[in-house]
**Q** 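I am attaching a structure below and will ask some questions about it afterwards.
No hydrogens, no waters, no symmetry mates; every other heavy atom, side chains included, goes into these values. Residue numbers start at 1 and run along the sequence shown. For clarity, every value in this text was computed on a predicted model and none was experimentally measured.
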Amino acid sequence: MAQNLEQTHGNISVIAAGNKRLGEAGDELVGQKEHFREAHGALGALKRQAMVDRLAFWGGFAFFMLVVAYISFKRTPAFMKQPLYSLLHMRPGGQPFTHTDYAAASIPPGTFLPADKTWGAGGAAYP
């Protein structure tokens with residue numbers, strides 16, 4: 001019985017030491033909470049900065065591609081622009097059709113119809 005009592009006393013002292021260590025770890029964790037908050041805020045700022053960088057990159061890339069398309073379109077010979085003008089319902093000079101153009105040709109505005117004239121026949125495929 002005395003042996004059981006000693007063993008129980010040893011178990012209790014081990015449990016008490018474990019509780020003391022857990023208490024110290026809890027105190028240290030409370031001290032680390034502020035560091036965790038700062039780290040969380042810094043990570044949030046980095047994520048926002050990465051998103052802004054990504055948007056700036058893709059915006060710049062899109063602008064660059066628009067400039068390339070504009071320059072390419074301006075340097076394209078006129079006879080090659082005709083299909084694009086017809087598709088976009090524009091006159092050969094690049095001006096959009098007006099309501100009078102549609103009325104003169106009896107075509108409802110916004111209608112895409114195959115051209116009677118061939119490409120490069122000297123006239124626009126549409127009025």
**Q** Are F64 and V68 packed together at the side-chain level, in the sense that at least one heavy-atom pair is separated by less than 4.5 angstrom?
**A** yes
**Q** Does anything in residues 36-48 form a salt bridge (charged side-chain N to carboxylate O under 4.0 Å, His left out)? List the pairs, not counting sequence neighbours.
**A** E34-R37
**Q** Just to verify, what does F36 make a side-chain contact (heavy atoms from CB on, under 4.5 Å) with, not counting sequence neighbours?
**A** L29, Q32
**Q** Only counting residues at least two apart or in another chain, list the ones meeting side-chain contact (heavy atoms from CB on, under 4.5 Å) with I71.
**A** V67, R75
**Q** With a cutoff of under 4.5 Å between side-chain heavy atoms, which Ile, Leu, Val, Met, Phe, Trp and Tyr residues group with M51?
**A** L55
**Q** Applying ring-ring contact (aromatic ring centres under 6.0 Å, His included), can you list everything that pairs with F61, at least two apart in sequence or on another chain?
**A** W58
**Q** Applying side-chain contact (heavy atoms from CB on, under 4.5 Å), can you list everything that pairs with V52, at least two apart in sequence or on another chain?
**A** none
